[in-house]
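What follows is a short report on a single structure.
Just so it is clear, the structure is predicted and the values come from calculations on it, not from any experiment. Computed over heavy atoms, backbone and side chain alike; hydrogens, waters and symmetry mates excluded.
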Amino acid sequence: MAAAAAAAASSSAAAATPQGVTERRGIPAASFVEDVESYLRQAGLDVNSGLAFLQERLQQYKIVEMKLLAQQRDLQAKIPDIEKCLDIVATLQAKKALGEALTADFELSEGIYSRAKIEDTNSVCLWLGANVMLEYSCDEANALLKKNLENAKASLEVLVADLQFLRDQQTITQVTIARVFNWDVHQRRSKQAIKET
């Protein structure tokens, strides 16, 4: 029965959003509650159940926020790596066009480096993840890295928008919790005043 009441509260909350948005990429929208009494009546909840439902929703928002922030950190670390790879491929192509050899230091193991002279190379090897490395021509590698960079930047933009939406929903939910709690305190004081007179 409590689950049905929570579902009813969720559906009435989602339908009442000012922008008409009920969710964004699976994140349910919160609604600003102007009339607490009618909100609780429509949801079929008492004050304690309503507060518990709103607190649970707030915790769900925080969990999703943690996941999105982790994804954002991963993308923010990935973008400079892709840009660095693009620069290296461009340097290899420029040295090849000039007919010069590229001298590079690379790490063999932790703290142990070696120097290599790269002459007239037509291909590079790229780590694709999950311990997979493939050899590409310089042009193919350049195209793949540019595509990956565009995708990573687009994903980062979507994540930033999702995080902003999520923060708005958290704020609305916190305000609703405060309004329900204050309404309950006001109702109790009114009943107490009536009893005393």
Side-chain angles (χ1 to χ4, degrees), residues 10 13-15 17-32 56-175:
S10 176
T17 56
Q19 300 86 3
V21 176
T22 57
E23 68 174 31
R24 177 180 170 89
R25 292 179 14 106
I27 303 168
S31 64
F32 179 75
E56 182 180 336
R57 178 60 60 92
L58 185 60
Q59 290 304 316
Q60 291 169 349
Y61 285 144
K62 289 181 181 181
I63 291 168
V64 172
E65 181 183 29
M66 288 184 345
K67 290 178 182 177
L68 290 179
L69 286 171
Q71 290 176 5
Q72 183 183 30
R73 279 190 304 272
D74 291 345
L75 280 173
Q76 286 173 334
K78 185 179 183 181
I79 289 173
D81 289 343
I82 295 171
E83 290 171 339
K84 187 167 54 171
C85 289
L86 271 169
D87 289 343
I88 291 170
V89 171
T91 302
L92 280 172
Q93 288 177 317
K95 291 286 187 176
K96 181 181 178 187
L98 294 173
E100 297 177 9
L102 176 67
T103 303
D105 294 329
F106 62 95
E107 190 173 15
L108 292 173
S109 66
E110 190 174 331
I112 301 173
Y113 291 85
S114 180
R115 182 160 287 168
K117 196 175 214 180
I118 304 169
E119 297 176 359
D120 193 28
T121 182
N122 292 324
S123 63
V124 293
C125 293
L126 297 177
W127 283 106
L128 300 180
N131 293 326
V132 175
M133 177 186 273
L134 286 178
E135 185 175 358
Y136 290 95
S137 71
C138 288
D139 293 332
E140 289 174 334
N142 202 15
L144 178 68
L145 289 169
K146 283 181 180 177
K147 180 183 163 205
N148 287 351
L149 182 61
E150 289 173 12
N151 290 343
K153 286 182 177 179
S155 295
L156 186 60
E157 286 179 20
V158 169
L159 271 176
V160 168
D162 287 349
L163 280 166
Q164 183 58 48
F165 177 79
L166 191 59
R167 287 184 183 118
D168 291 344
Q169 304 322 299
Q170 287 178 333
T171 302
I172 291 168
T173 303
Q174 288 169 339
V175 168

In short, Cys125 meets Met133 closest at the heavy-atom pair CB-SD, 3.5 Å
CZ (Arg25) and CG (Leu159) are apart, to the nearest 0.5 Å, by 6.5 Å
For the pair Leu58 and Lys62, evaluate side chain to side chain contact (heavy atoms under 4.5 Å, CB included) and give the outcome as yes or no after the intermediate values. CA-CA 6 Å; Leu58 185 60; Lys62 289 181 181 181; 4.1 Å; yes
Please evaluate residues Ser31 and Ile172 with respect to the criterion side chain to side chain contact (heavy atoms under 4.5 Å, CB included), reporting the C-alpha separation (whole Å), side-chain torsions for both, the decisive distance (0.1 Å), and the verdict. CA-CA 7 Å; Ser31 64; Ile172 291 168; 5.7 Å; no
Tightest non-hydrogen contact, residues Ala116 and Phe106, listed as CB-CE2, 3.4 Å
Original post:
Okay, side chain of Ser137, backbone of Glu140: is any donor-acceptor separation there less than 3.5 Å?
Top reply: yes
Let me check something: any side-chain donor-acceptor pairs from residues 142-158 under 3.5 Å, sequence neighbours excluded? List them with distances.
from: Asn151; atom 1: ND2; to: Lys147; atom 2: O; distance (Å): 3.4
from: Ser155; atom 1: OG; to: Asn151; atom 2: O; distance (Å): 3.0

By salt bridge (Lys or Arg N to Asp or Glu O under 4.0 Å), Arg73 pairs with (sequence neighbours left out) none
For Gln93 and Cys138 the tightest heavy-atom approach is NE2-CB, 3.4 Å
Minimal heavy-atom distance between Gln169 and Pro28, with the atoms involved, is CG-O, 4.1 Å
Answer yes or no: is there a side-chain heavy-atom contact under 4.5 Å between Leu166 and Arg24? no
Distance col, row Leu86:CG vs Lys84:NZ, nearest 0.5 angstrom, shows 12.5 Å
When rounded to the nearest 0.5 Å, the distance separating CG of Leu92 from CG of Asp87 is 11.0 Å
Does the pair Glu65 and Tyr61 meet the rule for a side chain to side chain contact (heavy atoms under 4.5 Å, CB included), with working shown?
-> CA-CA 6 Å; Glu65 181 183 29; Tyr61 285 144; over 6 Å; no
To the nearest 0.5 Å, atom CD of Gln76 lies from atom CG of Leu69 at 9.5 Å
CG (Asp162) and CD1 (Ile27) are apart, to the nearest 0.5 Å, by 5.0 Å
Between the NZ atom in Lys78 and the CD atom in Glu83, the distance rounded to the nearest 0.5 Å is 13.0 Å
In short, side-chain hydrogen bond (donor to acceptor under 3.5 Å, both in side chains) pairs touching residues 117-129 with sequence neighbours left out are Lys96-Asn122, Ser123-Glu135
